[in-house]
Amino acid sequence: MSIVTDHCLSLLTSCKSLRALTQIHGFFIKSGVDSDSYFNGKLILQCAISVPGALPYARRLLFCFPEPDAFMFNTLVRGYSGSDEPRNAVSVFVEMMRKGFVFPDSFSFAFVVKATANFRSLRTGFQMHCQALKHGLESHLFVATTLIGMYGECGCVEFARKVFDEMHQPNLVAWNAVITACFRGNDFSKAREIFDNMLVKNHTSWNVMLAGYTKAGELESAKRIFSEMPHRDDVSWSTLIVGFAHNGIFNDAFSYFRELQRVEMRPNEVSLTGVLSACSQSGALEFGKTIHGFVEKSGYSWIVSVNNALIDMYSRCGNVPMARLVFQGMPDKRSVVSWTSMIAGLAMHGQGEEAIRLFNEMTKSGATPDGISFISLLYACSHAGLIKEGEDYFSKMKRVYHIEPAIEHYGCMVDLYGRSGKLQKAYNFICQMPIPPTAIVWRTLLGACSSHGNIELAEQVKQRLNELDPNNSGDLVLLSNVYATAGKWKDVACIRKSMIVQRIKKTTAWSSVEVGKTMYMFTAGEKKKGIDIEAHEKLKEIILRLRNEAGYAPELASALYDVEEEEKEDQVSKHSEKLALAFAVARLPKGENIRIVKNLRICRDCHAVMKLTSKVYGVEIVVRDRNRFHSFKDGSCSCRDYW
DNA sequence: CTAGGGTTAG
């Protein structure tokens, strides 16, 4: 290799942007190095793998060369297989076959099969398997292992095992792959059987079992594997912690993280994102702050994923200023996830205009929004009542960014119209959607009918829901609320009766509140523990004071029976968020904010009580309900009663 | 000069 080529190669590998790459490429053409096929292979490698957004450029390059070799094709297939359009990998592969003079090798099949696994097409995957067979490469160690992975991904355990059984000398990696394939197909006992038959197990085999069980939600089995393994590495710990977080077992996520800090090496970034996700979901701000401290102290603050998890944690725990601080501390390494998390955070807190401003800043900075960025943006528009803006971005999404709207985006639009009272428009919008509406979409409209008291449309929408998800307790409660608001207690009773007859259980509402470093949970009406009695007593006192000093009158539409007014009042007054509020007023030191998390949507009466309490008691209250945040201060709420 | 199995945020 000449000194010039050598120098050019090192220049090439230092290129990290498409612009720099094209410049350097131009320079190479002038100096004549571009006729070297080894060099051109490297060039394609750099474009397809190392420089984000340069894949199309790599593809164009390949077709400029008179005689592209297998390496170049393989590299391009590899690049596309890991991209967001893995189907392109197959089309490049097909073009390679058509060329005639380049023959696919084991690399080609490994990459193209991996691509079919990534877009989960059993049909295409099988076709590639046949091609591999024709070329005598189907039992090649790497090709076969990728085939096992592909069949597993597509849920076809039978074929995965067939490929495995026909391998001449499967190595550990192949054994591990077939175990994962069994888990993907929900065949736990087969996975266990194969695992037990292994004569030699290394670390990874145990971790494969751990991952299989956590993904299946079998956390007890995962715990057992974890305790039985001879050695636990950082992947074992993070797999388990992430597993707890994903399955909503937050206390175990916290305690295993503490245990990890106590016994082992430093927690890695995956355990950190896992435990932060547990904080986000449960609203554990104080514990989250401790983790943030650990991140700063142990030098992890340069890792993008950890920063993203911190942004999400702070915004879901109600602390937007801290989320912004983390976001501002990573100016030149923000990923789409960082931008989207921040936009979603602002949106949840009703700062719709600010979310839109940030979105525009994002596109100006050169970052490319994806489908999820648009979900956050449309959500921001709908919660801030910005209809025109929402419509604009929805149309831009397709026109400018070439993102095909998914069902979630249509759902946001229905919410946008429904929330602002344009119920008929929302209905027509659903009828004109190019994809069939799901129950969630109709449910969104039913919710809007409920808050705007439109009985006729609500009944019509419920009819549609009956075809898709007839016995959803939330839908029945929503419809019953529509009737209750209109005073149609006979219809309310009818729904209630059918729920009892069909044994449809309402989702149990709960609210939690953090006092000191402890989380306290409340459910409606219960008086099991001392804290429940304490909360009920305090609540009586608060309600009395609100009546006398702020003219509070309870809103009773959320009651479920046609009973005496007094009894309805009693029912509504037991809502879990009120109990959590009363408990916090009694226990929290003066001047501290009250933060409540509720698993369902806050009811109208509770919302009113929160507003008045913030004024009469001079406290700030932050409630995170199923959909968004409500910050109550001095008698008003950040949602501007628009939720 | 390219690969296969286990953990990562919105």
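Reminder, nothing fancy here: chain letters follow the sequence lines and each chain counts from 1.
Residue contacts for A:Arg316: at a heavy-atom cut-off of 4.0 Å it reaches the sugar-phosphate backbone alone, with no base atom in range. The residue A:Val178 sits apart from the nucleic acid: no heavy atom pair falls under 4.0 Å.
Between A:Ser37 and A:Asn40, the side chains place no donor N or O within less than 3.5 Å of an acceptor N or O (distance only, hydrogens not considered). A:Thr340 and A:Ser373 share a side-chain donor-acceptor pair at under 3.5 Å. With 3.5 Å as the limit, one finds a donor-acceptor pair spanning the side chains of A:Gln281 and A:Ser277.
Partners of A:Asp252 by side-chain contact (heavy atoms from CB on, under 4.5 Å), not counting sequence neighbours, listed by chain and number: A:Lys223, A:Phe244, A:Ile249, A:Ser255, A:Tyr256.
Taking atom CE on A:Met342 and atom P on B:dA9, their separation rounds to 19 Å, with Å as the unit. If you take CH2 of A:Trp339 and C1' of B:dA9, they are 17 Å apart, rounded to a whole angstrom. Atom CG in A:Asp84 sits about 16 Å away from atom C1' in B:dG10, given to the nearest Å. Rounded to whole Å, the distance from CG on A:Asn307 to C1' on B:dT8 is 13 Å. Distance, A:Leu272 CG to B:dA9 C1': 12 Å, rounded to whole Å. We find that CD1 of A:Ile241 is positioned 15 Å from C1' of B:dA9, with the value rounded to whole Å.
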Sequence-aligned protein contact record of nucleotides 2-7 of chain B, with B where the base is within under 4.0 Å of a protein heavy atom and S where only the sugar-phosphate is
BBBBBB
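Ring geometry, A:His231 versus A:His203: the interplanar angle falls under 30°, so the pair is classed parallel (tilted spans 30 to 60°).
With respect to A:Glu361 and A:Arg357, a salt bridge is recorded, a charged nitrogen being found less than 4.0 Å from a carboxylate O.
Contact detail for A:Phe254 and A:Ala284: the closest heavy-atom pair is CZ-CB, 4.1 Å.
Taking the six-membered ring where the residue is Trp, the centroids of A:Phe109 and A:His129 are separated by 6.0 Å or more.
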So what is the 5' to 3' dot-bracket string for DNA chain B, if pairs are Watson-Crick or G-U wobble with both distances under 3.5 Å, crossing pairs use [ ] and | means the partner sits on another strand?
..........
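A donor-acceptor pair under 3.5 Å is absent between the side-chain atoms of A:Asp312 and the main chain of A:Asn308, judged by distance alone.
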